[in-house]
Amino acid sequence: MSFAALWESLLPVGRDGGTGGYRRFSWTPADAECRRWFFTTAEKRGLRAGTDRNGNLWAWWDPPRIADPGAARPGAVVTGSHLDSVPDGGAYDGPLGVVTAFAAIDLLRERGQVPVRALGVAAFCEEEGARFGVACLGSRLLAGAIEPDRARELRDRDGTTFAAAMTAAGQDPAAIGPDPDLIAGIAAYVELHIEQGRALADLDAAIGVAERIWPHGRWRLAFTGRADHAGTTRLGDRRDPMLACAAAILAARGAATQEGALATVGKVSAEPGAVNAISSSVTAWLDARAPDASRLNGVVERVLAQARAAATAQGVGLDASQESVTPAVDFDAALRDRLVATLAGAGIRAPVLPTGAGHDAGVLAAQVPAGMLFVRNPTGVSHSPAEHAEPGDCATGVTALAAVLADLACRD
Ligand code: GLV
Ligand code: MN
Ligand code: MN
């Protein structure tokens with residue numbers, strides 16, 4: 001099947017008719033539809049598919065039976081990405097890697113290439129952390145990078161726990177946790193992803209190879225004040241948490257500028273949320289990313305110090321907590337060089353780039369040689385319905401991934 005037909009088959013799932021953005025949150029009906037799409041796509045290809053104990057999806061192209069049953073089984077090569085989205089996300093962030101994986105398998109088969117080791121396609125659960133707050137939750141659980149008890153208790157905005165959402169979707173939350181056998185069976189993981197910036201466009205290249213991921217994390221700042229009447233409460237008598245929150249948001253921008261980093265407050269919730277009432281509480285989520293850990297710490301320390309000062313000045317409380325932190329990831333240098341060389345052999349010039357975006361490949365990199373391919377994004381816009389990649393570049397992505405899989409999985 002062509003990339004275009006496969007792409008079109010997933011495109012309507014979870015798309016909001018009003019915004020054109022995607023709302024594919026884990027363990028929701030849209031997520032269930034994505035999972036069905038994955039299994040149907042795998043089944044049509046005769047791949048052995050299933051869900052692991054952490055809600056991640058796998059489809060395997062097994063190698064022909066090994067003549068000597070006593071011989072050690074060579075480690076698998078896995079590719080893939082994720083199918084969940086941020087609120088009103090774009091079509092490409094995640095799904096491009098999964099669709100391209102199946103299309104690359106189709107291309108290998110058209111060319112008569114057969115793997116000598118297992119070739120897997122993975123779609124990781126809750127990569128965006130859009131529903132339960134911790135990014136790359138499925139790969140973190142698999143790799144043992146988060147305590148299962150903590151994951152089970154994560155709550156969405158309605159108070160539903162990850163465990164309850166999983167149970168409602170028919171999966172057992174008691175089983176979540178590290179899967180060292182699955183990890184030990186993987187020799188390499190290569191994730192293809194839309195680029196979430198304009199570097200490839202500036203370099204006039206359709207495909208890039210990841211060098212490293214900036215350290216990044218999420219912090220929750222909960223300000224508690226006193227609800228009161230907007231039309232009668234004197235300014236001097238107010239304990240307005242919104243003012244302290246506003247100071248923290250501006251501090252984030254200032255700190256990021258000073259440290260050469262990035263900091264964003266993209267989500268704020270105010271209670272009780274009345275136009276004519278001072279808020280009783282305001283919660284803001286800080287997303288911070290920097291080229292190194294010391295600049296990341298610098299950003300967070302500055303923001304927290306200014307948030308505390310503003311809270312004191314406004315007479316409100318502040319409870320700040322870290323939701324997740326991912327240290328810098330340097331992708332496996334040998335695999336990275338091999339990807340660049342393989343692509344060059346296929347006639348594809350692929351510059352090596354760092355990124356500030358987090359990925360399951362970054363989590364798995366702690367335990368498995370991991371690498372990434374990026375597909376050019378002409379505007380660089382991502383986490384938005386405007387995210388886009390040209391069909392020609394997606395086709396080059398399929399060719400590139402097929403070349404990489406042929407090299408890693410189809411040769412002794
Ligand atoms: C994942 O897209 C991230 O937030 O970096
Ligand atoms: Mn994303
Ligand atoms: Mn992604």
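As the structure lists them, so they are numbered: ligands from 1, and atoms in each ligand from 1.
Using cut-offs of 30° and 60° on the angle between ring planes, the pair H388 and Y92 is perpendicular.
In this structure, F102 has its ring center under 6.0 Å from that of F38.
Between the side chain of R349 and the main chain of D204, a donor-acceptor pair closer than 3.5 Å is present. Judged by distance alone, with hydrogens and angles left aside, the side-chain atoms of S85 form a donor-acceptor pair with the main-chain N or O of R24 at under 3.5 Å.
For the pair R48 and W58, the cation-pi criterion (under 6.0 Å, within 45° of the ring axis) is not fulfilled.
For ligand 1, the polar-atom distance check finds no N/O of R218 at less than 3.5 Å from any of the ligand's N/O atoms.
The side chain of H383, and not its backbone, has at least one atom closer than 4.0 Å to an atom of ligand 1 (non-hydrogen atoms only; side chain from C-beta on).
Close contacts of ligand 1 with E128, meaning ligand atoms under 4.0 Å from a residue heavy atom, involve 1 (C), 2 (O). Listed by number with element, the atoms of ligand 1 under 4.0 angstrom from any heavy atom of A357 are 5 (O).
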Start with the C-alpha gap between S280 and R239, add the side-chain angles, then the distance that decides, and say whether side chain to side chain donor-acceptor pair (under 3.5 Å) holds. CA-CA 9 Å; S280 56; R239 289 171 46 211; over 6 Å; no

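A donor-acceptor pair shorter than 3.5 Å cannot be found between the side chains of N56 and H82.
For D93, the N, O or S atom closest to the Mn ion (ligand 2) goes by the atom name OD2. With respect to the Mn ion (ligand 2), E128 has OE2 as its nearest N, O or S atom.
Ranking the protein heavy atoms by distance from atom 4 (O) of ligand 1 puts R289 NH2, 2.8 Å first.
At least one N/O/S atom of H193, whether from backbone or side chain, sits less than 2.8 Å from the Mn ion (ligand 3).
Comparing A130, G362, S85, G358 by heavy-atom distance to atom 5 (O) of ligand 1, the nearest is G358.
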